[in-house]
Each structure stands twice: as structure tokens, then as C-alpha cells.
Amino acid sequence: MAKKKNRVRIDRIIILVLTVVLFISLLLLGGVSLYRMLNKNNSTSTTDTVVYTDPDPVNTVSDIKVELVDYENYVDDTDKLGFSFVVAELKFTSADAVSFDLGNLQTSQKIYLNSVSKYMSTLEEQGYKTSKLNVVNTVSYEKSVYQCRIFIPYTTADSALRIINAVDQSMITIDLDSKIHYVSELKLDTSQNINVNNTSVNVSSCSISTMMLHNGEEYEVASTLRVFTFRINVNTLEGNVMITDAKFVKDGTSTEIPCMNSEYSSVKAENVLGKKLVLGENGALFFETECMDESPDYSGTLFIMFSNSPDWVKVSTVLE
């Protein structure tokens with residue numbers, strides 16, 4: 001009988017020990033997991049350069065309607081981003097206060113519009129001013145109608161970009177051959193605004209074009225040549241105004257490089273020489289010169305003659 005009691009006591013002790021060991025193991029496992037999670041979060045917070053964060057989900061009103069009002073198509077004219085993007089003016093309408101999770105909108109290229117922070121961060125890291133886009137990343141409004149600008153990246157040059165709404169299975173189609181802007185416009189603070197008799201244009205810093213068009217036929221610029229390119233964006237306009245002439249003089253030389261005539265343009269920008277300027281127009285002036293060395297120094301002075309002034313306008317510039 002005593003042996004039986006001792007055996008029961010030993011069994012209870014073994015069960016107790018195993019329970020304690022299991023409890024301690026679970027505590028250790030939970031502690032390791034918590035440490036790893038905290039360490040990961042700490043590591044992210046010290047190295048993350050994201051300046052535009054993806055939003056937390058919000059409840060979507062079931063009867064909400066989403067419509068395209070307008071848009072701007074920003075094409076990557078730098079070939080460095082790996083993507084282009086649309087800034088779409090969307091109108092959200094509901095019987096109640098507007099609340100819509102952007103995760104319900106997906107592009108035809110499988111990009112959800114609540115997960116675009118990496119694209120915005122790339123723009124910021126490369127010096128582009130995303131604040132100029134005036135986009136929002138959360139759609140929540142106390143009234144039944146809300147209109148705002150949404151950032152929509154795309155990675156392939158299709159003729160159209162489709163946005164699928166998972167709430168009601170509707171679709172928004174955006175024509176990518178229209179309303180074209182260029183990503184380089186977001187760096188306009190590095191270029192200059194010039195004013196000539198109530199007409200104002202922005203002239204970008206000098207860049208180099210390698211693919212050109214002659215009377216619509218595409219060709220590659222020879223390695224012995226350089227084509228200096230200056231983008232022209234019309235900010236304000238009064239009357240019928242055009243650029244009648246232009247020339248470029250590199251620093252350290254007195255040689256005037258004439259502007260290429262209207263038969264020439266690049267694959268990314270139209271030639272605005274001799275054409276009537278249009279408000280908001282995005283074009284360029286081109287200057288071809290022989291390249292005797294590989295020097296990256298293309299600083300110089302751009303001279304522009306407008307039809308509404310008898311004087312040359314001088315614009316100092318550096319390579320963009």
C-alpha cells in the first residue's frame with residue numbers, strides 16, 4: 001500500500017515537473033518571438049526612408065459611387081524611375097458620409113491604390129517634389145460628396161490604364177495617350193521661370209536626348225554628337241506668342257549652337273520652335289553639337305527670342 005502511495009506521489013511530481021517545463025518553454029518561445037518582432041520594428045524605424053505611408057484600412061460605405069473627373073498622366077522622361085503615374089481627380093458619392101478604402105481600387109497592372117508608398121518614396125528619394133501633386137491617401141469625409149486627387153502608378157506603356165472597383169465591379173478607364181505631363185516637371189524648382197510681356201514660361205535645366213525624330217522618323221543620336229534639350233512649360237500666356245529663335249553657348253566658348261528646326265523633336269517632347277505657345281504646353285528646344293570628349297560639363301547660356309519682344313532672353317543653365 002505504501003509503495004502504491006509512493007508511486008502515485010512520484011507520478012504527480014513528474015506531471016508537475018513536466019507542466020512547469022512546458023510552461024517555461026512557452027514563456028521562452030513567446031519572449032523570443034516578441035524580441036524578434038520588436039527588434040524588427042526598431043530596425044525598420046531607424047532605416048526606413050519612406051515619407052509617404054500606406055493608410056490603415058477604413059470601412060467602405062456599401063452604396064458609394066466612384067467617378068473619374070479629370071487626370072494628369074506623368075510619363076517618366078528620365079528612364080530612371082521604372083514607372084510612370086497618373087494623378088486622378090476622383091469623385092466619391094454616397095447617401096451618407098463618404099468612407100472608402102482605397103484597397104478596393106486595383107489597376108489593370110495589379111497595383112492596389114492603398115499600397116503605393118514605395119512609388120512615392122522613390123520619387124522623393126530622387127528629389128521630386130511630390131507635394132506639388134496634392135494627392136491624398138485616405139478617403140474619409142463627413143459629407144456625402146468628396147472629390148480628391150489619387151496617385152496611381154503604372155509600369156508598362158499600355159494605351160489605357162483601367163481601375164477596377166471591387167465594391168461594385170465598376171471600371172474606370174484612363175487614356176494614357178492624352179493629358180501627358182513629364183516627371184521632370186516635378187523638379188521645376190531647379191529650373192527658371194522667365195517673363196516676357198505677361199507671358200511666363202519655365203525653362204528646365206539642360207539634359208541630353210539620345211533618341212530623336214526627324215519628320216516623324218525615329219533615329220538614335222550618333223555617339224559623336226550631343227543634343228542639348230531644354231523643356232519649355234507655359235505658365236501664363238497673353239496673346240499669340242511663339243518662340244521665333246533660340247541659341248545655346250557653352251561656358252568657356254563663344255560658339256553659338258543654333259536651335260534645331262521644327263522638323264526635329266525627341267521621342268519624349270515636341271519641338272516648340274516657331275509654334276504658337278499654348279497654356280500648359282509641354283515641349284522643348286533642341287541643340288545639336290559635336291562632342292569631342294566625354295566631359296559631363298554642359299553648363300552654358302540659353303538665348304530665347306519671343307515674338308512679343310525684340311530682345312534676347314538669357315537663361316543660365318547646367319546639365320540636369
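The first residue in the sequence is number 1, and the count goes up from there. Small disclaimer: the values here were computed from a predicted structure and weren't measured.
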Keeping the roles fixed (side chain from Ser108, backbone from Leu161), state whether a donor-acceptor pair exists under 3.5 Å.
no

Does atom CG of Asn215 have more than 12 heavy-atom neighbours, drawn from other residues, nucleotides or ligands, at distances under 6.0 Å?
yes

If you measure from CE on Met260 to NE2 on His214, what distance do you get to the nearest 0.5 Å?
8.0 Å

Thr138 OG1 to Ile150 CD1 distance, which is reported to the nearest 0.5 Å
9.0 Å

Can you confirm if the aromatic rings of Phe286 and Tyr264 lie within a centre distance of less than 6.0 Å?
no

What are the two closest non-hydrogen atoms of Ser209 and Ser266, and how far apart are they?
OG-CB, 4.1 Å

Donor-acceptor pair, Thr93 side chain versus Val145 backbone, under 3.5 Å?
no

Return the orientation label for the Phe287 and Phe230 ring planes: parallel under 30°, perpendicular over 60°, tilted otherwise.
perpendicular

Quick check for you: to the nearest 0.5 Å, what is the distance between Leu279 atom CG and Leu237 atom CG?
6.5 Å

Using a cut-off of 6.0 Å, state whether more than 12 heavy atoms not belonging to Asn261 lie near its atom CG.
yes

Taking ILVMFWY side chains as joined if any heavy atoms are under 4.5 angstrom apart, and letting links pass through other members, which residues group with Met305?
Val249, Phe303, Trp312

Flag the pair Glu218 / Met212 as yes when at least one side-chain heavy-atom distance between them is below 4.5 Å, and no otherwise.
no

Exceeds 12 heavy-atom contacts within 6.0 angstrom, atom NZ of Lys276:
no

Side-chain contact test, heavy atoms from C-beta onward, threshold under 4.5 Å: evaluate it for Asp175 versus Tyr71 and give yes or no.
yes

When the ring centroid of Tyr119 is compared with that of Phe85, is the distance short of 6.0 Å?
no

Is it the case that one hydrophobic cluster holds both Ile232 and Val313, taking links as side-chain heavy atoms less than 4.5 Å apart, direct or via other members?
yes

State, to 0.1 Å, how close Ala246 and Leu273 come at their nearest heavy-atom pair, and which atoms those are.
N-CD1, 4.4 Å

Would you please classify the geometry between the Phe100 ring and the Phe92 ring as parallel, tilted or perpendicular, with 30° and 60° separating the classes?
tilted

For Asp54 and Ser117, test the side chains for any donor-to-acceptor distance below 3.5 angstrom and give the result as yes or no.
yes

Least distance between heavy atoms, Ser62 atom then Val167 atom:
O-CG1, 3.9 Å

Check this for me: Glu217, atom CD, are more than 12 non-hydrogen atoms of other residues, nucleotides or ligands nearer than 6.0 Å?
no

Starting at CD of Gln106, measure out to CG of Asn104 and round the result to the nearest 0.5 Å.
10.5 Å

Between Asn193 and Asn235: side-chain donor-acceptor atoms closer than 3.5 Å
yes

Which heavy atom of Ser99 sits nearest a heavy atom of Ile64, and at what distance?
O-CD1, 4.0 Å

Electrostatic pair Glu256:Lys247 at N-O distance under 4.0 angstrom:
yes

Side chains of Glu270 and Ser265 only: does a donor on one sit below 3.5 Å from an acceptor on the other?
no

Please name the pair of heavy atoms, one in Gly300 and one in Asp251, separated by the smallest distance, quoted to 0.1 Å.
CA-OD1, 3.2 Å

Cationic N near anionic O, under 4.0 Å, Asp168 to Lys65:
no

Check for a donor-acceptor pair, side chain of Lys275 on one end and backbone N or O of Asn271 on the other, with a separation under 3.5 Å.
yes

With a 4.5 Å cut-off on side-chain heavy-atom distances among I, L, V, M, F, W and Y, is there a chain of contacts connecting Tyr146 to Val69?
no

Should Phe306 and Thr244 count as side-chain neighbours, where that means a heavy-atom distance under 4.5 Å?
no

Do Leu90 and Ile163 land in one hydrophobic cluster if side-chain heavy atoms of ILVMFWY residues count as linked below 4.5 Å?
yes

Side-chain heavy atoms under 4.5 angstrom apart, residues restricted to Ile, Leu, Val, Met, Phe, Trp, Tyr: same cluster for Val227 and Ile257?
no

Let me see the working for Ile194 and Val203 under side-chain contact (heavy atoms from CB on, under 4.5 Å), right down to the final yes or no.
CA-CA 8 Å; Ile194 57 177; Val203 183; 3.9 Å; yes

Taking side chain as C-beta onward, heavy atoms only, is Ile172 less than 4.5 Å from Ile174?
yes

Glu89 side chain near Glu72 side chain, heavy-atom distance below 4.5 Å
no

Taking atom types as modelled, is there a side-chain donor on Thr60 or Asp101 under 3.5 Å from an acceptor on the other?
no

Thr301 vs Val315, test: side-chain contact (heavy atoms from CB on, under 4.5 Å). Steps then yes/no.
CA-CA 6 Å; Thr301 302; Val315 182; over 6 Å; no

Donor-acceptor contact below 3.5 Å, side chain Ser307 vs main chain Met242
yes

Walk me through whether Asp63 and Ser94 qualify under side-chain hydrogen bond (donor to acceptor under 3.5 Å, both in side chains).
CA-CA 6 Å; Asp63 65 343; Ser94 173; 3.1 Å; yes

Using 4.0 Å as the upper bound for N to carboxylate O, is an ion pair formed by Glu290 and Arg226?
no

Under 4.5 Å between any side-chain heavy atoms of Val75 and His181, yes or no?
no

Can you check whether Asp76 reaches Ser84 side chain to side chain, under 4.5 Å on heavy atoms?
yes

How long is the straight-line distance from CG of Asn198 back to CG of Asn195, given to the nearest 0.5 Å?
8.5 Å

Greater than 12 external heavy atoms within 6.0 Å of Asn59's CG
no

If you define the side chain from C-beta out and look only at heavy atoms, does anything of Lys250 sit under 4.5 Å from Phe228?
yes

Check against side-chain contact (heavy atoms from CB on, under 4.5 Å), Gln109 and Thr156:
CA-CA 8 Å; Gln109 297 179 5; Thr156 59; 2.7 Å; yes

Only one of Leu277, Val272, Ile304 clears side chain to side chain contact (heavy atoms under 4.5 Å, CB included) with Val201; which?
Leu277

Lys268 pairs by side chain to side chain contact (heavy atoms under 4.5 Å, CB included) with which of Asp77, Leu213, Thr229?
Asp77

Measure the spacing between CG of Leu302 and CD of Gln192 and express it to the nearest 0.5 Å.
9.5 Å

For Phe83 and Leu123: C-alpha separation, side-chain torsions, deciding distance, then whether side-chain contact (heavy atoms from CB on, under 4.5 Å) applies.
CA-CA 10 Å; Phe83 64 93; Leu123 287 170; 4.1 Å; yes

Criterion side chain to side chain contact (heavy atoms under 4.5 Å, CB included) against Tyr154, the qualifying member of Thr107, Val86, Ile111:
Val86

Should Val66 and Tyr112 be counted in the same cluster of Ile, Leu, Val, Met, Phe, Trp and Tyr side chains packed under 4.5 Å apart?
no

Note: Ile164 and Met171 closest approach over all heavy atoms is CG1-CE, 4.1 Å

Any side-chain donor paired with an acceptor under 3.5 Å for Glu220 and Thr210?
no

